[in-house]
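Take a look at the structure set out below.
Reckoned from all heavy atoms, side chains included, excluding hydrogens, waters and symmetry mates. What you see is a predicted model, and the numbers here were worked out from it, not measured in a lab. Labels below follow one simple rule: chain letters A, B, ... track the order of the sequence lines, proteins then strands, and each chain is numbered from 1.
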2 protein chains.
Amino acid sequence: MARTVLDRSDAVRALAGVFRKRGFEGASLSVIQQEAGVGRGSLYHFFPEGKTGMAAAVLEQVSDWFEERIFTPLRTAHDATEAIEAMSREVAQYFISGERVCLFAAMTLGEERDTFADSVRAYFTDWVDALAVALRTGGLSPQEAADRALDAVAAIQGGLILARAYGDDAAFLGIVARTEQHLLGPAR
Amino acid sequence: MARTVLDRSDAVRALAGVFRKRGFEGASLSVIQQEAGVGRGSLYHFFPEGKTGMAAAVLEQVSDWFEERIFTPLRTAHDATEAIEAMSREVAQYFISGERVCLFAAMTLGEERDTFADSVRAYFTDWVDALAVALRTGGLSPQEAADRALDAVAAIQGGLILARAYGDDAAFLGIVARTEQHLLGPAR
DNA sequence: GTCTATAAAGCGATAGAC
DNA sequence: GTCTATCGCTTTATAGAC
């Protein structure tokens, strides 16, 4: 009988995959046990708050990833164009290799909506605000930067829905590419 | 004891509200019974296929609504500008008065993804294609029309996610307005 | 067409051995 | 830190009276 000893971050990584694939309510403890290869005992040892704690840990890990790879680079960029191109690249790769699911967006539907409402709002405002900072660095007015940032995040999120609906990434990649062009386009 | 006799379309309407508010898996039979005011007996009388049949009926009703109010007008428009303005108006009103949820988009997440994959794909391709027809009528090239149509549907869907995340409609309405401007903008 | 009672299965969570 | 057995509850679905 195989018996593997994990640490918490291994468990979080495995959980993220299951939640993305099955959704929060679709990922039952039995399913998690099988697909993530983490037993009930370990799960409740690492996450005493139960399934809600598991979701919170996964969301926090996603949030940290975006903060490090997307938001901070956007906020601190000297070259706005380069930072925005990097965002497109990173985001496309991240979502395509992650079942085309944004877990924060998924949390705006379903039962645990209220539980995670604050962190969901923070994720999206952080993204939009960081992108707006980069656009202002690139010479756009505050209003134009805020509008384009909001539109871009919406386009990416909507693109993910279409990617799942169509069962392929072509439409999503086209949307990301044109969104980048729109972000980098001349001020009006 | 109040006892109300309904027909099937009354039940479908009531179900749609519950599914939008609680999600498919969040809407348990007990919840549906209470919030929709339709008893278990009636539910299984109208929908012998059970909960899956209830969801299918709701999706079909939504699909019919879009076909009549959005897709057909776009396809048959003589004045493309007018048809696109009408789409913006109708769509904004529809989603704001419907918990900011697109049930077809919701079906791209969760357990019953596969069950409704075909009708979900059809909904989005019908929308994108109908919008592209209107844009070609308005003088755009087929490629430009297809791209703008796809971007617009993605923007609206992403806008709904942001509306739910922010808990208000301002961002969504801004996105819809700017999407309309982009659709009506000059050919490049 | 609607009601209530109930069956069978699955759920999240816990206890206690190892 | 991991395991298994089990509790108590809810789930979808059905049966049968009205």
Quick one: are [X] and [Y] in side-chain contact, heavy atoms under 4.5 Å?
X: B:Q157; Y: A:L162; result: no
X: B:Y166; Y: A:L150; result: yes
X: A:I96; Y: A:L173; result: yes
X: B:D151; Y: A:I175; result: yes

Without decimals, in angstroms, what is the distance between [X] [atom1] and [N] [atom2]?
X: A:F46; N: C:dG12; atom1: CZ; atom2: C1'; result: 19 Å
X: A:D7; N: D:dG1; atom1: CG; atom2: P; result: 9 Å
X: A:L43; N: C:dG12; atom1: CG; atom2: P; result: 10 Å

Got a list of side-chain donor-acceptor pairs under 3.5 Å for residues 81-94 of chain B, not counting sequence neighbours?
from  : atom 1 : to     : atom 2 : distance (Å)
B:S88 : OG     : B:I84  : O      : 3.3
B:S88 : OG     : B:E180 : OE1    : 3.0
B:E90 : OE1    : B:R69  : NH2    : 3.2
B:E90 : OE2    : B:R69  : NE     : 3.4
B:E90 : OE2    : B:R69  : NH2    : 3.1
B:Y94 : OH     : B:R20  : NH1    : 3.2

Partners meeting side-chain contact (heavy atoms from CB on, under 4.5 Å) with B:A106 (sequence neighbours left out): A:L109
Near-strand residues of residues 23-35 of chain B, defined as heavy-atom separation under 4.0 angstrom from DNA chain D: B:A27, B:S28, B:L29, B:S30
Terminal axis angle for the helix from C:dG1-D:dC18 to C:dC18-D:dG1, five pairs an end, nearest 10 degrees: 0°
Sort me out a list of protein N/O and nucleotides 14-17 of chain C N/O pairs below 3.5 Å, or just none if empty.
none

Sequence neighbours left out, cut at 3.5 Å: what donor-acceptor pairs do the side chains of residues 27-39 of chain B make with other protein atoms?
from  : atom 1 : to    : atom 2 : distance (Å)
B:S28 : OG     : B:V31 : N      : 3.2
B:Q33 : OE1    : B:R40 : NH1    : 2.9
B:E35 : OE2    : B:R22 : NH1    : 2.3

A:L135 reachable from A:V133 in the ILVMFWY side-chain graph, under 4.5 Å edges: no
Residue-level proximity of residues 49-62 of chain A to DNA chain C when a heavy atom falls under 4.0 Å: A:G50, A:K51
Strand contacts (DNA chain C) in residues 110-118 of chain A, 4.0 angstrom heavy-atom criterion: none
Non-neighbouring partners of A:T108 that pass side-chain hydrogen bond (donor to acceptor under 3.5 Å, both in side chains), sequence neighbours left out: B:R164
Listed pairs under 3.5 Å, donor-acceptor, residues 55-68 of chain B side chains, sequence neighbours left out:
from  : atom 1 : to    : atom 2 : distance (Å)
B:E67 : OE2    : B:T72 : OG1    : 3.0
B:E67 : OE2    : B:R75 : NH1    : 2.7

Closest non-hydrogen atom pair, B:A155 against A:A154: O-CB, 4.0 Å
For the student: nearest non-hydrogen atoms of A:A130 and A:F71, plus distance: CB-O, 3.7 Å
Qualifying ring pair (Phe, Tyr, Trp, His ring centres under 6.0 Å) pairs, either residue in residues 167-188 of chain A, two or more places apart: none
Summary of ring pair (Phe, Tyr, Trp, His ring centres under 6.0 Å) pairs that have at least one residue in residues 20-53 of chain B, sequence neighbours excluded: B:F19-B:F24
The single option from B:Y123, B:F95, B:W127 passing ring-ring contact (aromatic ring centres under 6.0 Å, His included) against B:F104: B:Y123
Distance test, side-chain N/O of A:H45 to OP1/OP2 of D:dT2, below 4.0 Å: no
